[in-house]
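All chains are named by letter (A, B, ...) in the order of the sequence lines, taking the proteins before the strands, and each is independently numbered beginning at 1.
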2 protein chains.
Amino acid sequence: MCAMTRPLRRDAARNRDHLLRAAAAVFTEQGLAGSLEEVARRAGVSIGTLYNHFPTRDTLIDALLPPRLAAVDGFAAEAAAEPDPWLAFTGFATNLLSQLTKDRALLEAFTGDHPAAAALADACRHGMSHLSTVLTRARQAGAIRPDATDQDVVNLLWALSLLGETTGEGAWRQPLHFALDGFVNRR
Amino acid sequence: MCAMTRPLRRDAARNRDHLLRAAAAVFTEQGLAGSLEEVARRAGVSIGTLYNHFPTRDTLIDALLPPRLAAVDGFAAEAAAEPDPWLAFTGFATNLLSQLTKDRALLEAFTGDHPAAAALADACRHGMSHLSTVLTRARQAGAIRPDATDQDVVNLLWALSLLGETTGEGAWRQPLHFALDGFVNRR
DNA sequence: CCCGTACCCGAGGCACCCCTCAAGTACGAT
DNA sequence: ATCGTACTTGAGGGGTGCCTCGGGTACGGG
């Protein structure tokens, strides 16, 4: 926990850094099940070295994902600052999707395709609670139809994320726009 | 083309049948990139025999998918018989999704994940034209918002299919219901 | 019943991946 | 400059999958 461990030797620190960068690239492209040998190759390092630094795939994932979660926290803050609860919700949804479709690893982390590591499970719950907050506000303001559950919204966003992952840029934007219209409360 | 080829020997016909059944199961579970050795194993046949009957993966796929397309044609007929253009559309969409989420191979065929065989490309265009027909009717009746393109609808359905494939049964039904509401024309 | 041949088998070559470990390298404290 | 050791290396064993091909099996016409 605390930084009581001796600092890494310079070459080791460099290698670890290269590995993390390479893993980010490979996981973003191939998902969390991407090839570790490919990671080592791209890092310019032997496969043995990869296993020295990260004994299991999950330790690598855990070292990699936390930074990316900052983005989601940022979206939540942005949503909290938006006075209109409906706009807060749609803005959050759009931001989240744009993030998830850019990064296959993040999507798999959120959707739990991988029996991954501790930090990951936390992250997932964290993101969900942000979404839940935004939704609750919209619901209390009467902006969202009352028969729509949190899970329905999650499923819609999840679906469009999967689409974005396979089609690449932007195919999800119009559908999201129309679909969200279907969640408006028309008393 | 015509059945000028000598009929198969009895054991060969049996093996071919077993292979097709096994392939259907494996492709439905694992997608069109599923293991051919697994197919041979489940068919109770050697891998060599599989390659005797189907020299490439695509010949196997082509022999397998056409029957399943009948279902989609049926949905289109049902939609044509429905007097209300909006109900025709939503019914068709629901039926299509329920089919695509049951069969990963069919979904991949439609979404073109696989650089597959001739019959498949036809099938895809065929299904699209059915959808286009239903949509055009709804649009001409003024039931659907005019700024929604065919592609937007396709993308939404595609997205929910992907969701259904990963979550299994039913997670797409409510989201589809709400999302379609967003496509209603509220002049 | 017999034989030609249509068909089947499965070992084996190739490629990729996971993970380990004994031997070698190079960092940095002295 | 020297040496202990933290770190790196890459061959290698085990696994899975694709596809081929030479030898064996059994079907069915005669």
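Between B:L50 atom CG and C:dG10 atom P the separation is 14 Å, expressed in whole Å. A:H18 places its NE2 atom 15 Å from the C1' atom of D:dT8, with the value rounded to the nearest Å. Whole-Å rounding puts the A:F54 CZ to D:dT8 P distance at 11 Å. When the C1' atom of C:dC17 is taken as reference, atom CG of A:L32 falls 17 Å away, rounded to whole Å. Atom CG in A:N15 sits about 12 Å away from atom C1' in C:dC27, given to the nearest Å.
Within 6.0 Å of CZ on A:R10 lie no more than 12 heavy atoms contributed by other residues, nucleotides or ligands.
For the residue pair B:N155/B:Q151, the side-chain donor-acceptor check at 3.5 Å is satisfied.
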When you check every protein heavy atom under 4.0 Å of nucleotides 16-30 of chain D, what one-letter string (B, S, -) results, 5' to 3'? -SBBB------SS--
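An OP1 or OP2 oxygen of C:dC9 is reached within less than 4.0 angstrom by a side-chain nitrogen or oxygen of B:T49. In terms of phosphate contacts, A:H53 brings a side-chain nitrogen or oxygen within less than 4.0 Å of OP1 or OP2 of D:dT8.
Of the possible polar contacts, none joining the A:Q174 side chain to the B:D152 backbone as a donor-acceptor pair under 3.5 Å is found.
Under a hydrophobic clustering in which Ile, Leu, Val, Met, Phe, Trp and Tyr are joined whenever their side-chain heavy atoms come within less than 4.5 Å, directly or via other members, B:L19 and B:L8 fall into different clusters.
To the nearest 0.5 Å, atom CG of residue A:N52 and atom CG of residue A:N15 are 9.5 Å apart.
By the 4.0 Å N-to-carboxylate-O rule, B:D181 lies close enough to A:R145 to be salt-bridged with it.
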